[in-house]
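What follows is a single structure, written as structure tokens, with notes after it.
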Amino acid sequence: MQDTEGSNARPFQVDLGGVVDLLGRHIYSGAHVYLRELLQNGRDAIAARAKVSGQQARGSIEIFPVGTIPDSPEEFVFRDSGQGLSAAEAGELLATVGRSSKRDDVLNLRDEDYLGQFGIGLLSCFMVSDRIVVRSRSVHGHPPVEWTGAADGTFSIRELPEDEAAGLAIGTEVRLSPRPDDAALLAPEKVLRLARRFGRYLPVEVRVRRTDDAWDTANEPALFLPQERPADERSAASALEEFGEELIQHRPLETIELSVPATGTQGVAYVLPYAPPPGARRSGELYLGRMLLGEDLSELLPEWAHFVRCVINTEGLHPTASREQLVADEALEYTREEIGKALRRWIVQQATTRPARFERFVAVHDLGLKSMAVHDDDLAAAVLPWLTVETSVGRMTVHDYLEQSRHVRYVETVDEFRQIAAVVPTEHPVINGGYTYESDLLRRLPLLVEDVTVEQVQVGSILDELAPPPMDDRSSTSALERRASAVLAELGCEAVVRSFRPGDVSALHVADAAAIRRIERTEVRDSAPGVWADVLGGVEAITAGKPGLASRGTTARLCLNWQNTMIRQLSNVDDQVVFDRSVRLVYVQALLAGHRPLSKTDRTVLTTAMSDLIQLSVGVAG
Ligand SMILES: Nc1ncnc2c1ncn2[C@@H]1O[C@H](COP(=O)(O)OP(=O)(O)OP(=O)(O)O)[C@@H](O)[C@H]1O
């Protein structure tokens, strides 16, 4: 192995301009983070001073945006009352990229009392200024010091004579002279906004100087943390609710407290009073050591937690170098799981102890709850009874359905449901399992609720449940079936006659999933040109050629209702043209009643049949 300590060993050279460019373009989301990094250094220095003195003094940060210092209007000044730096510390810490006093370099761990750890934060000031001047007076009594760093990669240090350091209290002052293009980022309004955004919950006082020599305070109580709420329970609850209202711009439906002590994570989840759009991000506010880390909580919240907006502070999780995300480590995974458990616990508890309020919650977040319940048996068992389903006798909760019948019948698709919903006997309603997650949940019902059986109903079998016409009428109905089937053959449909309620439904168009797919293929093939039509034709040929996939049994059926007066009259029509056109109209009407879109052929059938019938009746009348 080569001896790196030999005479050939040389230190790495760092191109400061390149590093700053790297920070600005690839690590930080923008130059505005310079203020966050300064706030964080100030906060850490104040924490370090409190450790040294053993006192819990609050400490303060004062920011003078550009234009607020009368004799130096071009300058931006940031002051903290932290522990300060000696000349030796400034030389070592401020000018060494990657050197931090806040990390255990052996274990490479962040000291949890501090936010910094990477030793790059101060460099972010070079994104807005070509020069950084740090003046500092150490709590340890060292002489005051001035460190000046330049964007060209050079720095100088000098001890400040007391007359020059007059007015420099214990702590550190950072002076920036913004480049003209970046001056707006250091102007009073912007600075106050950034100070509030990143630092409003910091445990140190943060004040921003105004042009009229007054101060604005950036701090606000972190009401999402229990220790910062008013002592009396009522005011605490209403303060928390108001806080949520400001966050989500609506009155939250419910408020859920979150706490994961092992990672020092605490906060609040507000239940949204509206269903978020599908694919909405899990957003909110995430603070690390009470400083804003970001607004995207997708790493910290379980995937299904779309129905809440959270404000969370963590002391124990680790930031990435950008300080805008969390490191995906075990601690993060553990915290996400614990938050997931807390949300689930809340749901289960609400379902069992506060049914009325829970019903309100379910009404808004039905879909979100279904998506959660699909992967979680405990949750599913608790919430399923409260979820609503569409049945052939109207919308109802699963609980109400089970009150009527412990045998659950459902169809797999919305199409199938529409075909048969009108004719299913009311005493055995069928559930529409075609909506997202519904069939999955229904299939698992017997595992979750005692004494329940589930049956997936095929539309064909519903047809079989319908009564055949009375024996006495069989010769008429058989003839009707034969004649109507002949008319419908070219439409890929077969006629059957049954007797069912309600009598005003003249016919049902019944096709199971395979038949519907075949019909759709045919429709697309007929309207698609060239290659695509050939491909679909090929599929047709394959399914027709293989016994297992044979299109026999995938034929759609038109089920004529013998209880319907018009159908009975139809069986007496001798005129073949009138019969033909009428059957076609009944067919299209049944398609429309089943909410099936009309294909080009169907539309032609409809218009031709209508105009023929009109001509015939005009002829009869004339
Ligand atoms: N205001 C300050 N008061 C006292 N020491 C400071 C101050 N600002 C910076 N330092 C010292 O300089 C070191 C380097 O600071 P820098 O902001 O570059 O990195 P960091 O805060 O350690 O880590 P990070 O990159 O995560 O912010 C700090 O670790 C700290 O010891």
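Just follow the structure's listing: the first ligand is 1, and inside any ligand the first atom is 1.
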Of the side chain and backbone of [X], name the one, both, or neither that has a heavy atom under 4.0 Å from an atom of ligand 1.
| X | answer |
| --- | --- |
| Asp80 | side chain |
| Arg99 | backbone |
| Ile120 | both |
| Gln83 | neither |
| Ser100 | both |
| Leu123 | neither |

Note to self: With a cutoff of 4.0 Å, is Arg323 in contact with ligand 1, counting heavy atoms of the residue only?
What the structure shows: yes
Check: Does at least one non-hydrogen atom of Gly119 fall below 4.0 angstrom from an atom of ligand 1?
Finding: yes
What's the shortest distance from [atom] to any protein heavy atom, and which residue and atom give it?
| atom | answer |
| --- | --- |
| atom 7 (C) of ligand 1 | Asn41 CB, 4.1 Å |
| atom 12 (O) of ligand 1 | Leu94 CD2, 3.4 Å |
| atom 6 (C) of ligand 1 | Leu85 CD1, 4.1 Å |
| atom 29 (O) of ligand 1 | Ser101 N, 2.9 Å |

Pair [X]-[Y], side-chain donor/acceptor within less than 3.5 Å:
| X | Y | value |
| --- | --- | --- |
| Arg354 | Gln349 | no |
| Asp15 | Gln13 | no |
| Ser298 | Asp296 | yes |
| Asn41 | Glu37 | no |

Margin query: Need the ligand 1 atom indices (1-based, order shown) with element for anything under 4.0 Å from a heavy-atom of Leu93.
Written below: 12 (O), 13 (C), 14 (C), 31 (O)
Next item on the list: Using a strict cut-off of 4.0 Å, indicate which atoms of ligand 1 neighbour a heavy atom of Gln40.
Entry: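 Matching atoms, with element in brackets: 21 (O), 27 (O).
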Checklist line | Spacing of Leu326 atom CG and Leu288 atom CG [to the nearest 0.5 Å] | finding: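 The distance works out to 7.0 Å.
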Check: Roughly how far apart are Leu122 CG and Leu38 CG, rounded to 0.5 Å?
Finding: 7.0 Å
Note to self: Using side-chain hydrogen bond (donor to acceptor under 3.5 Å, both in side chains), reason through Ser138 and Ser86 one step at a time and then give a plain yes or no.
What the structure shows: CA-CA 6 Å; Ser138 165; Ser86 67; 6.0 Å; no
Next item on the list: Answer yes or no: are there more than 12 heavy-atom neighbours, outside Arg360 itself, under 6.0 Å from its atom CZ?
Entry: yes
Next item on the list: Would you please indicate yes or no on a ring centroid separation below 6.0 angstrom for Phe307 and Phe361?
Entry: yes
